[in-house]
Amino acid sequence: METATAILLVSFGTSYPGSKEKTIDRILEKTKEAFPGCKTYQAWTSRALIKAYKRKSGLAIPTIEEAMAAITAGGITSLAVQPTHFMEGLEHEKMVHLVCQHTLPPLNVSFGAPLLSAAEDHASVLKAIAREFSWLPKDEALVLMGHGSAGCASPAYAALDNLLKSMGYGNFFLGCMEGIPSLDGIIQQTAQAKIKKIHLSPFLLAAGGHAHKDMAGDREGSWKSRLESAGYEVECHFKGLGEYEEIQNIYIKHLRKAMERR
């Protein structure tokens, strides 16, 4: 008989199996290590990435609907849901709605917070990145590429960029593919600082399609191409935030709080 308490780890997904192993799989492993008495499930919210990942790996990742059906069939009465989302944006809201839509009595559900939900977590994430790039010379810049959105999440990225500066990392910049801060604004700032070389790294959970195409791709319009056209030497790094142990631990901390609220 399955345990009556379960955990559901929800991610947007990735089409890159190697990146999945280093990020989503590692967070799932740490979840099982932290809560050995709980049945652990996973789900992805992007159907396109589920299909793309299955084409590459042959493995099918459940949707939320499929995971919730398995949880209900398994006789689970208490469920803690931990998203690997960064913020409470549209994707997070859709995930909460879908889980609640498929929750039937007697199942009791609690939700763990996204990664960047508290000021202490903002600082911890940025410190982890700063340690990773502690070798960076002062006359070179680190540009972190986040996804962003046209909605409420954008000001949060600007606040994170300001926090980087207030922490003493004047040559670190955080920008978004959508919304603000924009790459155009970063180019203006690095030009004023007379930066010659820029290191690009994803501010994304996994270094998947966005990192390889939108950040580091050779096509016109990628951040690498735009920076090179602006006269910079560019070096790309492919380490998703989900690979940082400190960041994995933040998700476990948020999940632990959700388990305590059951």
Side-chain angles (χ1 to χ4, degrees), residues 1-14 17-47 49-50 53-54 57-89 91-118 120-121 124-125 128 205-206 240-262:
M1 181 177 178
E2 294 195 55
T3 175
T5 301
I7 293 166
L8 174 60
L9 185 73
V10 179
S11 301
F12 185 72
T14 178
S19 187
K20 172 182 173 288
E21 291 171 7
K22 296 175 184 177
T23 57
I24 297 171
D25 287 356
R26 186 64 192 121
I27 296 169
L28 193 63
E29 289 167 8
K30 291 193 77 121
T31 299
K32 292 176 180 178
E33 292 167 4
F35 304 97
C38 297
K39 176 73 174 177
T40 304
Y41 298 82
Q42 72 166 318
W44 288 3
T45 57
S46 172
R47 292 179 183 271
L49 289 177
I50 288 173
Y53 182 77
K54 187 175 182 179
S57 69
L59 300 175
I61 305 297
T63 62
I64 286 177
E65 295 91 334
E66 290 167 342
M68 291 300 294
I71 289 165
T72 300
I76 302 300
T77 57
S78 182
L79 177 68
V81 180
Q82 180 57 51
T84 60
H85 301 143
F86 284 7
M87 301 174 189
E88 293 184 349
E91 283 297 325
H92 181 76
E93 292 172 8
K94 283 161 54 179
M95 179 275 297
V96 171
H97 176 74
L98 266 177
V99 169
C100 292
Q101 194 176 39
H102 291 83
T103 298
L104 300 173
L107 182 62
N108 176 53
V109 180
S110 60
F111 291 90
L115 178 66
L116 297 165
S117 299
E120 65 183 80
D121 296 329
S124 296
V125 168
L205 184 77
L241 296 197
E243 297 183 47
Y244 292 75
E245 186 173 4
E246 302 96 320
I247 291 171
Q248 296 166 3
N249 290 338
I250 292 174
Y251 285 119
I252 299 302
K253 178 183 72 173
H254 290 180
L255 176 56
R256 197 175 298 281
K257 289 182 179 179
M259 296 287 282
E260 292 170 355
R261 288 196 301 270
R262 289 176 300 144

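Quick note: numbers below take in every heavy atom, side chains included, and nothing from hydrogens, waters or symmetry partners.
Shortest non-hydrogen contact noted between Ser124 and Ile250 is CB-CD1, 3.9 Å. Between His85 and Tyr251, the shortest heavy-atom contact is O-OH, 3.7 Å. Between Pro62 and Ala67, the shortest heavy-atom contact is CB-N, 4.2 Å. Between Ala80 and Leu255 the shortest heavy-atom distance is CB-CD1, 3.8 Å. The two residues Val125 and Leu116 have their closest heavy-atom pair at CG2-CD2, 3.9 Å.
Under a 3.5 Å cut-off, the side chain of His254 and the backbone N or O of Pro114 do form a donor-acceptor pair. Put simply, the side chain of Gln248 gets close to the backbone of Gly242: a donor and an acceptor are under 3.5 Å apart. A distance-only check finds a donor-acceptor pair linking the side chain of Thr77 to the backbone of Ala4 [under 3.5 Å].
Tyr53 is not listed as a side-chain neighbour of Ser46, based on a closest heavy-atom distance of 4.5 Å or more. Residues Glu33 and Ile252 have side chains not in contact (no heavy-atom distance under 4.5 Å, counting atoms from C-beta outward). Within the 4.5 Å cutoff, the side chain of Cys38 has heavy atoms near those of the Met259 side chain. Here the side chains of Ile64 and Gln101 are not in contact, with every heavy-atom distance at 4.5 Å or above. When side chains are defined from C-beta on, Leu205 does not count as touching Leu115, because their heavy atoms never get closer than 4.5 Å.
For the salt bridge (charged side-chain N to carboxylate O under 4.0 Å, His left out) test, no residue two or more places apart in sequence or in another chain qualifies with Arg256. Remark: Glu91 pairs with Lys94 by the side chain to side chain donor-acceptor pair (under 3.5 Å) rule, at least two apart or across chains.
Distance check: Ile247 CD1 to Thr23 OG1 gives 11.5 Å after rounding to the nearest 0.5 Å. With rounding to the nearest 0.5 Å, the separation of NZ in Lys20 from CH2 in Trp44 is 5.5 Å. To the nearest 0.5 Å, the span separating OG1 on Thr103 from CD1 on Ile71 amounts to 8.5 Å. From Ser11, atom OG reaches atom CD1 of Ile61 across 9.5 Å, with rounding to the nearest 0.5 Å. Atoms CZ and CD1, from Phe12 and Ile24 in turn, are 10.5 Å apart once rounded to the nearest 0.5 Å.
Summarising the local packing, NZ of Lys22 is surrounded by 12 or fewer heavy atoms from other residues, nucleotides or ligands at distances under 6.0 Å.
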Does the side-chain contact (heavy atoms from CB on, under 4.5 Å) test come out yes or no for Lys54 and Ile50, once each step is laid out?
CA-CA 6 Å; Lys54 187 175 182 179; Ile50 288 173; 5.6 Å; no

Please assess Thr31 against Gln82 for the test side-chain contact (heavy atoms from CB on, under 4.5 Å), listing each intermediate value before the final yes or no.
CA-CA 10 Å; Thr31 299; Gln82 180 57 51; over 6 Å; no

Output, in order, the C-alpha distance, side-chain angles, deciding distance and verdict of side-chain contact (heavy atoms from CB on, under 4.5 Å) for Thr84 and Leu9.
CA-CA 7 Å; Thr84 60; Leu9 185 73; 3.9 Å; yes

Working note: Phe35 + Thr5, criterion side-chain contact (heavy atoms from CB on, under 4.5 Å); need CA distance, chi angles, decisive distance, verdict.
CA-CA 10 Å; Phe35 304 97; Thr5 301; over 6 Å; no

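Partner of Lys253 under the salt bridge (Lys or Arg N to Asp or Glu O under 4.0 Å) criterion, chosen from Glu120, Glu246, Glu260: Glu120. Only one option out of Leu107, Leu98, Thr63, Val81 pairs with Met68 in a side-chain contact (heavy atoms from CB on, under 4.5 Å); it is Leu107.
Counting only residues at least two apart or on different chains, the salt bridge (Lys or Arg N to Asp or Glu O under 4.0 Å) pairs with a member in residues 62-87 are Arg47-Glu65.
A salt bridge links Glu29 with Arg26: at least one charged nitrogen is closer than 4.0 Å to a carboxylate oxygen.
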